[in-house]
Amino acid sequence: MNTNKRERISKRTVDAALAGDRKYIVWDIDLKGFGVRIMPSAVKTYFIAYRAAGGGRGAPQREYTIGRHGQITAEQARTEAAKLLGSVRFGADPAADRTSSRAELSVSELCDLYLAEGVATKKASTLVNDRQRIARHIKPLIGRKRVSAVSSGDIERLQQDIATGKTAVRVTKERKRTDPAATGGKGAASRTVGQLGAIFAFAVKRGLRSDNPVIGVKRYKDGQSHRFLSTDEMGKLGTALLNSTANTMGRDIIRLLILTGARKGEIEQLRWSEVDFQRSCLLLADSKTGAKAVPVGAAVLELLQAVKRTEGSPFVFPSETDPAKHFVGTPKVWRQVRAAAGLHEVRLHDLRHSYASAAAAGGLSLQLIGRLLGHQNVKTTAQYAHLANDPVMQAAERTSTAVAAALSGHSAEVITLKKA
């Protein structure tokens, strides 16, 4: 576990500073107050820590971000830190000065600041969607407004405009995008407002405004469907997979998605080092919710044991053109397989829902289902509440039938056997 260190900050020491399971700081031994923060995501940020003039040892410590390693060099950061710390000795307060200069940022400028300094713990895949919503919806609609002038009414109008397609990309022969970030709609509107909530929370934390205008705005229901395959549909899918001539790796990935409830990226990017046959689990080093262990059954282990390893590739399913990369053709294989099964509207992600559905039908609690799927928030698992209640309802039906039989003078055991 990494802890704070003291050594001379240079390109060599910063490059050698490895990310740990929690953030830590390397303090410079020559320039007091100059440091570089190392995040678990491997983002390295230069900053200074100081107390404003006249504050004394009991005054709260303030921080001023200089920049990210890679965007500026260690020596550039050292030069800037020396200048800033020198100004502090003569009564300056760099953090307060920066806050004052940013007090009248536009929303576009706030978004840029948020992407530069407020997303260090976000995954790269999440940031792709964040940048798309900012560029496609937020900036065109309210980007010119001053941060302090944005009201809840502005947020409500933004949501309505996105829902009605005001910011949708015009479809032409050259531009055929159909994703929500390009087309708008209620789902895109709701998620964009949610992201604005995070952006304005960042603004409040930085002292750029005193309140969050998104709080209290009623969002559209997300509209994401939760399709579950029935037993009959699962059988059709199994037959289609068996008879398909599509790419073998793609078919195996689809089978694993059904058998584990994992996300597509977790299986496509699966490495042999993450497969623990002895303990029957997949030890994923990275996922949407961070590192996690996915318990698996015998059917999964049997499938993985049958997969032929590619020499020189760490991946269970390597790219056919470059063993150093993983397979990415699952969606294409899925479209062929689902068409053969007659399941044209079923998405790959619905296989995860179907796994959860099978778990709920088997009587597992929401807590256990959440652990199987790797959910961090119980609200995410709550969508399966009606399914998890089915076994309970069946038990209630059997119990009430037996009690009713006893009250009428019949044998509860006989009644129960007849129902079975």
Side-chain angles (χ1 to χ4, degrees), residues 1-106 108-124 126-127 130-131 134 147 198-199 201-208 286:
M1 182 180 294
N2 295 46
T3 55
N4 293 347
K5 303 177 181 179
R6 287 190 174 275
E7 55 187 304
R8 191 178 194 283
I9 292 176
S10 65
K11 181 181 186 302
R12 181 183 61 80
T13 57
V14 176
D15 285 342
L18 301 178
D21 57 353
R22 61 179 61 187
K23 70 177 182 181
Y24 68 98
I25 296 170
V26 177
W27 293 105
D28 191 78
I29 57 174
D30 297 330
L31 184 58
K32 185 178 179 181
F34 174 43
V36 58
R37 184 183 296 105
I38 317 297
M39 301 297 291
S41 60
V43 171
K44 303 173 182 180
T45 306
Y46 297 105
F47 72 101
I48 60 168
Y50 66 95
R51 289 184 173 85
R57 294 185 62 85
Q61 183 170 273
R62 299 185 183 181
E63 292 186 0
Y64 180 98
T65 299
I66 298 173
R68 285 190 183 184
H69 181 59
Q71 295 177 346
I72 62 171
T73 66
E75 287 309 307
Q76 288 172 333
R78 175 183 294 280
T79 300
E80 182 65 11
K83 182 174 70 174
L84 291 167
L85 290 168
S87 71
V88 169
R89 285 193 290 272
F90 289 95
D93 189 342
D97 293 342
R98 172 181 279 179
T99 298
S100 176
S101 67
R102 289 174 173 172
E104 285 304 310
L105 286 178
S106 69
S108 285
E109 291 169 333
L110 172 61
C111 288
D112 293 339
L113 178 64
Y114 171 76
L115 289 174
E117 300 182 8
V119 296
T121 59
K122 284 196 171 186
K123 294 177 67 65
T126 302
L127 285 174
D130 286 356
R131 291 190 178 97
I134 287 171
V147 170
I199 292 172
F202 168 79
V204 171
K205 188 175 181 180
R206 289 296 180 91
L208 302 180
D286 192 21

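Only one option out of Arg6, Arg8, Glu7 pairs with Asp28 in a side chain to side chain contact (heavy atoms under 4.5 Å, CB included); it is Arg8.
Atoms NZ and CG, from Lys32 and Leu85 in turn, are 10.5 Å apart once rounded to the nearest 0.5 Å. Expressed to the nearest 0.5 Å, how far NZ of Lys44 lies from CD1 of Ile9 amounts to 12.0 Å. With rounding to the nearest 0.5 angstrom, the CD atom of Glu117 is 11.0 Å from the CG atom of Asp112. Leu115 CG to Leu127 CG: the interatomic distance, rounded to the nearest 0.5 Å, is 7.0 Å. Atom CD1 in Ile199 sits 4.0 Å away from atom CD1 in Ile134 (nearest 0.5 Å). The distance from the CG atom of Leu113 to the CZ atom of Phe202 is 4.0 Å, given to the nearest 0.5 Å.
Side chain of Lys5 to backbone of Ala17: no donor-acceptor contact under 3.5 angstrom is found. A distance-only check finds a donor-acceptor pair linking the side chain of Ser41 to the backbone of Ala120 [under 3.5 Å].
Ala82 and Leu31 make their closest contact through N-CD2, 3.7 Å (heavy atoms, listed as atom of the first residue, atom of the second, distance). Smallest separation of non-hydrogen atoms from Pro40 and Ala19: O-CB, 3.6 Å. Taking all atoms of both residues into account, the shortest heavy-atom contact from Val88 to Arg51 is CG1-O, 3.8 Å. Residues Gly33 and Trp27 come closest through the heavy atom pair O-CZ3, 3.8 Å. Ala96 and Tyr50 make their closest contact through N-OH, 4.4 Å (heavy atoms, listed as atom of the first residue, atom of the second, distance). Residues Ile38 and Val26 come closest through the heavy atom pair CG1-CG2, 4.5 Å.
The shortest distance between side-chain heavy atoms of Glu80 and Ile48 does not fall below 4.5 Å. Using a 4.5 Å cut-off on side-chain heavy atoms (C-beta onward), Ile66 and Ile72 make contact. Looking at heavy atoms from C-beta onward, Phe47 lies in side-chain contact with Ile25 at the 4.5 angstrom threshold.
Ring geometry for Tyr46 against Phe34 counts as parallel: the plane angle stays under 30°, on a 0 to 90° scale with 60° as the upper cut.
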